[in-house]
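One-based numbering, in listed order, for ligands and for the atoms of each.
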Amino acid sequence: MHMYKGHARAYTNIALIKYWGKADQQLILPMNNSLSLTLDAFYTETSVTFSSEFSEDQFYLDHQLQDKKATDKISRFLDLIREKAQSQLFAKVDSQNFVPTAAGLASSASGLAALAGAASAALGLSLEEKELSRLARRGSGSACRSVYGGFAEWQKGDSDETSYAVPIVSNSFEDELSMIFVVVNDQQKDVSSRDGMQRTVETSAFYDGWLATVPQDLAKAHTAITDKDFQALGEVTEASALKMHGTTLAAAPPFTYWSAESMRAMNLVRQLRNQGLSCYFTMDAGPNVKILVQRKDEAALLGKLQEHFSADQLITAHAGPGIKITTK
Ligand SMILES: O=C(O)C[C@@](O)(CF)CCOP(=O)(O)OP(=O)(O)O
């Protein structure tokens, strides 16, 4: 009887310069580079066991056996790893999302990164970071950035071999930052990021305009990180999110991830900034609002936010580490 085990913990990341649109759906090659900050507040722990005793793949998420649809998606991803390792063995996948229950935050980035790490290690593939990032990308684009801690850039490349994330040298600027999540509960049925970006690429009149400004936004973000210039990083982060979300309004049919509560949070950020509290927001494929603030202003911002939102809606995160893999 052959049994092989691997474990990984991977943290979620939030894009400051957004990935929005694929050049290749099957390989998950993006239309543009993106830049993110890995956080310490949310992570996924995954254990994978391959065994000759198993007659099919099994996928447990937070101790719940998942249905065929979810398991088939995992199996297709595991096939990539089985192929690399020349293995036919089936696997049992145990994933646990350490995301505050109220959050309802998507954890595909940490989840697929942890799965890539645990499964490849179980089959004895000791992949170095670039290869691990490429593998995670096949699970979910943003997952490729969670291989690294702190700031990372996903270089779009033009093939499976050339599309992966790299760490950004930042002389610890990330340690001077906080990100406060405002979890809004009026979540209408969202369009998934995968479906949302596909519809936008295919139909949005604003999509080319979005794409045209990404390289200059990336350059601004790099300069801001090098210079430890919080205002410049905040401005380009907020602009990138607004432009990305703007593309959805011109899609057919049009859609938006912004709810009334999202708008309330974004307007409050602008108001607080105008009153001298330097903070900037970003948003992804959901109504939650993420606020970038300097660690030194974190308490002051929380105090202001608590006047407008309940404490359990506010989650504070700081820069987090890269993926951790063990095969014990
Ligand atoms: O994270 C960002 O750069 C921006 C977004 O979060 C904005 F919503 C998109 C993430 O997309 P993802 O879930 O990775 O899609 P997949 O490749 O279809 O799995």
Side-chain angles (χ1 to χ4, degrees), residues 10-39 42 44 70 73-74 76-77 80 97 99 103-116 133-148 151-157 160 163-165 168 179 181 187 190-202 204 207 210-211 214 217-218 221 236-249 251 255-259 262 281-290 292 317 320:
Y11 291 78
T12 199
N13 69 79
I14 296 297
L16 305 184
I17 306 297
K18 299 296 183 189
Y19 149 52
W20 190 244
K22 295 182 180 65
D24 183 307
Q25 301 287 347
Q26 201 259 325
L27 291 174
I28 306 195
L29 302 180
M31 294 286 265
N32 59 267
N33 286 23
S34 56
L35 185 150
S36 63
L37 178 60
T38 296
L39 300 174
F42 316 123
T44 301
K73 270 173 81 173
I74 296 291
R76 280 199 302 276
F77 184 65
L80 296 171
N97 285 328
V99 174
L105 290 163
S107 48
S108 76
S110 60
L112 273 304
L115 179 59
S133 182
R134 285 182 50 219
L135 178 61
R137 190 204 77 238
R138 296 293 301 273
S140 176
S142 53
C144 79
R145 304 180 308 227
S146 280
V147 167
Y148 300 103
F151 293 109
E153 177 171 358
W154 175 8
Q155 298 178 340
K156 70 183 179 72
D160 180 31
S163 188
Y164 50 85
I168 295 174
M179 187 170 278
F181 286 64
Q187 312 218 14
D190 280 335
V191 177
S192 73
S193 46
R194 188 161 293 187
D195 294 342
M197 66 173 75
Q198 182 167 1
R199 186 191 312 176
T200 304
V201 171
E202 290 173 355
S204 174
Y207 189 74
W210 147 258
L211 213 48
V214 172
D217 286 350
L218 267 167
V236 76
T237 294
E238 197 167 289
S240 181
L242 288 168
K243 286 185 277 188
M244 176 222 129
H245 285 274
T247 64
T248 68
L249 301 176
F255 65 104
T256 180
Y257 290 109
W258 298 2
S259 67
S262 313
F281 61 78
T282 187
M283 286 184 69
D284 294 297
N288 296 329
V289 177
K290 294 108 181 188
L292 191 64

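For atom 10 (C) of ligand 1, the nearest non-hydrogen atom of the protein is Tyr19 CD2, 3.9 Å. Scanning the protein heavy atoms around atom 8 (F) of ligand 1, the nearest turns out to be Ala285 N, 3.1 Å. The single protein non-hydrogen atom nearest to atom 13 (O) of ligand 1 is Ser193 OG, 2.9 Å, given as residue, atom name and distance. Nearest to atom 19 (O) of ligand 1 among the protein's heavy atoms is Ser140 OG, 2.7 Å. Looking at atom 14 (O) of ligand 1, its nearest protein heavy atom turns out to be Ser142 OG, 2.7 Å. Of the protein's non-hydrogen atoms, Asp284 OD1, 3.5 Å is the one closest to atom 7 (C) of ligand 1.
Taking a cut-off of under 4.0 Å to the non-hydrogen atoms of Ser108, the atoms of ligand 1 that pass are 13 (O). Listed by number with element, the atoms of ligand 1 under 4.0 angstrom from any heavy atom of Ala15 are 1 (O), 2 (C), 3 (O). Every atom of ligand 1 is numbered from 1 in the order shown, and the set under 4.0 Å from a heavy atom of Ile28 is 17 (O). Which parts of ligand 1 touch Gly141 is read off a 4.0 Å heavy-atom cut-off, strictly below it: atoms 14 (O), 16 (P), 17 (O), 19 (O).
Note: no N/O pair closer than 3.5 Å links Gly139 and ligand 1 by distance alone. For ligand 1, the polar-atom distance check against Arg194 finds a nitrogen or oxygen pair separated by under 3.5 Å.
Looking only at side-chain heavy atoms (C-beta outward), Arg138 and Gln26 come within less than 4.5 Å of each other. Under the 4.5 Å side-chain criterion, counting only non-hydrogen atoms from C-beta, Val236 is not in contact with Leu16. Considering only heavy atoms from C-beta on, Asp195 stays 4.5 Å or farther from Phe255 through its side chain. Residues Gln198 and Lys22 form no side-chain contact, since every pair of their non-hydrogen atoms from C-beta on lies 4.5 Å or further apart. Using a 4.5 Å cut-off on side-chain heavy atoms (C-beta onward), Ile28 and Tyr19 make contact.
Arg145 counts as a contact of ligand 1, since one of its heavy atoms falls under 4.0 Å from the ligand. In this structure, Met197 is part of the shell of residues with a heavy atom less than 4.0 angstrom from ligand 1.
Nearest residue to atom 16 (P) of ligand 1 from Lys22, His245, Gln198, Arg138 is Lys22 (criterion: closest heavy atom).
The two atoms that bring Ala143 and Leu112 nearest to each other are CB-CB, 3.8 Å, heavy atoms only.
Using a distance-only test at 3.5 Å, with no hydrogens or angles considered, a donor-acceptor pair links the side chain of Arg137 to the main chain of Asp160.
Exactly one residue among Ser36, Ser142, Ser163 makes a side-chain hydrogen bond (donor to acceptor under 3.5 Å, both in side chains) with Trp154. That residue is Ser163. When each of Lys156, Arg145, Lys18 is paired with Ser34, the side-chain contact (heavy atoms from CB on, under 4.5 Å) condition holds for Arg145 and for no other.
Ring planes of His245 and Trp258: tilted class, angle from 30 to 60°.
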